[in-house]
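Fair warning: this is a prediction, and the values are worked out from it, not measured in the lab. Labels below follow one simple rule: chain letters A, B, ... track the order of the sequence lines, proteins then strands, and each chain is numbered from 1.
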There are 2 protein chains.
Amino acid sequence: MLSNSSKYALKAVIYLALHTDVNNKMLAKDISERINVPKAYMAKLLQGLAKRKIISSAKGPKGGFYSNPSNKNVTLLEVVEVIDGEKKLESCFLGLDDCNEHKPCPIHSLISPSRSKMIALLESTTIYDLSKDLELNKVFLPV
Amino acid sequence: MLSNSSKYALKAVIYLALHTDVNNKMLAKDISERINVPKAYMAKLLQGLAKRKIISSAKGPKGGFYSNPSNKNVTLLEVVEVIDGEKKLESCFLGLDDCNEHKPCPIHSLISPSRSKMIALLESTTIYDLSKDLELNKVFLPV
DNA sequence: TCTTTTATATGATTAATATCATGTTTTTTC
DNA sequence: GAAAAAACATGATATTAATCATATAAAAGA
Ligand code: FES
Ligand code: FES
């Protein structure tokens, strides 16, 4: 459903929200080991996420990647979209240019409600929301 | 959400259900033109679908691809799965090997219900069901 | 049986993802 | 300021998906 890149990005963003802040940064290398993602690829992804303000970064000694309060307010959907693009999840099942109610394909009415629900949840859940659940041990973060 | 191949396959299977039967076969070339899919690629996909009994085919003059009653009973999910594989839609958002209730990732409980609903609908809807709606002009088939 | 018509099987090419590698810039610390 | 440590930028390689091309086999009809 998602690309590897999006999965890696989500894991990294969630991990950073849980384990870092401006005073506790983390190296790309260490993040990659913790969440089990290829090192060099992780670094490239993190740089892209930082450029788009999904996470924060600092160069030089004592530098690294981290999550600040503003970063924790990004939604899960935003993370997916900066990597996989806007239409990865919303696109038509039959490849129509536009997926909407006005000119729906035969599958649209069938799956649109549940798919929209799922997307709406991803859109309304922030990294902060998730990390709360994790801190309360409601769920665990896999690597 | 789906690969191009799955989208092409769904369009072709639905189109064949509507416009062909054992006495009215259609050439790969013509199908590709009608549903707007690259000719050679369409042919390869149709051959794969025929081998897996998702559609039917006959060689030689008066041959071509078509849909028989048994073909019309395949579900939308089956079509997607023979092309994209079992786990394309069910796989974990964070890349866990198994996505299940027992060891769920932090996103699982959030999206699992709506995603399962969507998959269940794809699994319970046959090509025949869809073509009925199309014949009743409830929806239209895009190309 | 021969020719034509079609799917089938297979492989080649192209494009997109994913992965790896490395030189450059910024920042800290001494 | 010089050295070291980190992200940053960029490009190279590898793998997978998408597309194209063609030779082979089967079926129909003359
Ligand atoms: S128009 Fe095809 S899924 Fe919405
Ligand atoms: S375990 Fe991650 S989505 Fe189900």
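B:Leu18 and B:Leu130 fall within a single hydrophobic cluster, where Ile, Leu, Val, Met, Phe, Trp and Tyr side chains are chained together by heavy-atom contacts under 4.5 Å. No chain of hydrophobic side-chain contacts below 4.5 Å, direct or via other Ile, Leu, Val, Met, Phe, Trp or Tyr residues, connects A:Tyr66 to A:Ile31.
Looking only at distances, a side-chain donor or acceptor of B:Thr20 sits under 3.5 Å from a matching main-chain atom of B:Ser67. A donor-acceptor pair is defined here as one N or O able to donate and one able to accept, closer than 3.5 Å; such a pair exists between the side chain of B:Ser131 and the backbone of B:Tyr128.
Taking atom CG on A:Asp30 and atom P on D:dA7, their separation rounds to 9 Å, with Å as the unit. Nucleotide D:dA17 holds its C1' atom 10 Å from the CG atom of B:Asp84, rounded to whole Å. Regarding A:Lys29, its NZ atom lies at a distance of 15 Å from the P atom of C:dC20, rounded to whole Å. Atom pair B:Asn4:CG and C:dT14:C1' shows a separation of 14 Å (rounding to whole Å applied). Rounded to an integer number of Å, the gap from CG of B:Leu27 to P of C:dT8 is 12 Å. A:Lys88 places its NZ atom 11 Å from the C1' atom of C:dA16, with the value rounded to the nearest Å. Atom CD1 of B:Ile83 is separated from atom C1' of D:dT16 by 16 Å (rounded to the nearest Å). B:Lys25 places its NZ atom 12 Å from the P atom of D:dA27, with the value rounded to the nearest Å.
From B:Lys25, atom NZ reaches atom CD1 of B:Ile55 across 13.0 Å, with rounding to the nearest 0.5 Å. To the nearest 0.5 Å, atom CD1 of residue B:Ile107 and atom CG of residue A:Asp133 are 11.5 Å apart.
Residue A:Tyr66 is out of contact with every strand shown, counting any heavy-atom pair closer than 4.0 Å. As judged by a 4.0 angstrom heavy-atom cut-off over every strand, A:Met26 is placed among residues touching the sugar-phosphate backbone only. Within 4.0 Å (heavy atoms only), B:Ala43 reaches no atom of the nucleic acid at all.
Phosphate contact (OP1/OP2 of D:dA18, side-chain N/O of B:Ser5, threshold under 4.0 Å): present. A close approach under 4.0 Å does occur between a side-chain nitrogen or oxygen of A:Tyr8 and OP1 or OP2 of C:dT19.
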For a side chain to side chain donor-acceptor pair (under 3.5 Å) check, start with the C-alpha distance between B:Asn73 and B:Ser70, then their side-chain angles and the critical distance, and finish with the verdict.
CA-CA 5 Å; B:Asn73 278 328; B:Ser70 146; over 6 Å; no
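Taking all atoms of both residues into account, the shortest heavy-atom contact from A:Ile35 to A:Met42 is CD1-SD, 3.6 Å.
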If a protein heavy atom is under 4.0 Å from the base, mark B; if only from the sugar-phosphate, S; if neither, -; do that for nucleotides 21-30 of chain C going 5' to 3'.
----BBBBS-
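Around NZ of A:Lys88, the count of heavy atoms belonging to other residues, nucleotides or ligands within 6.0 Å exceeds 12.
Closest approach to the A:Tyr41 side chain among D:dC8, C:dT19, D:dA18 is made by C:dT19 (side chain taken as heavy atoms from C-beta onward).
Near-neighbour residues of DNA chain D inside residues 46-57 of chain B, defined by a heavy atom below 4.0 Å, are absent.
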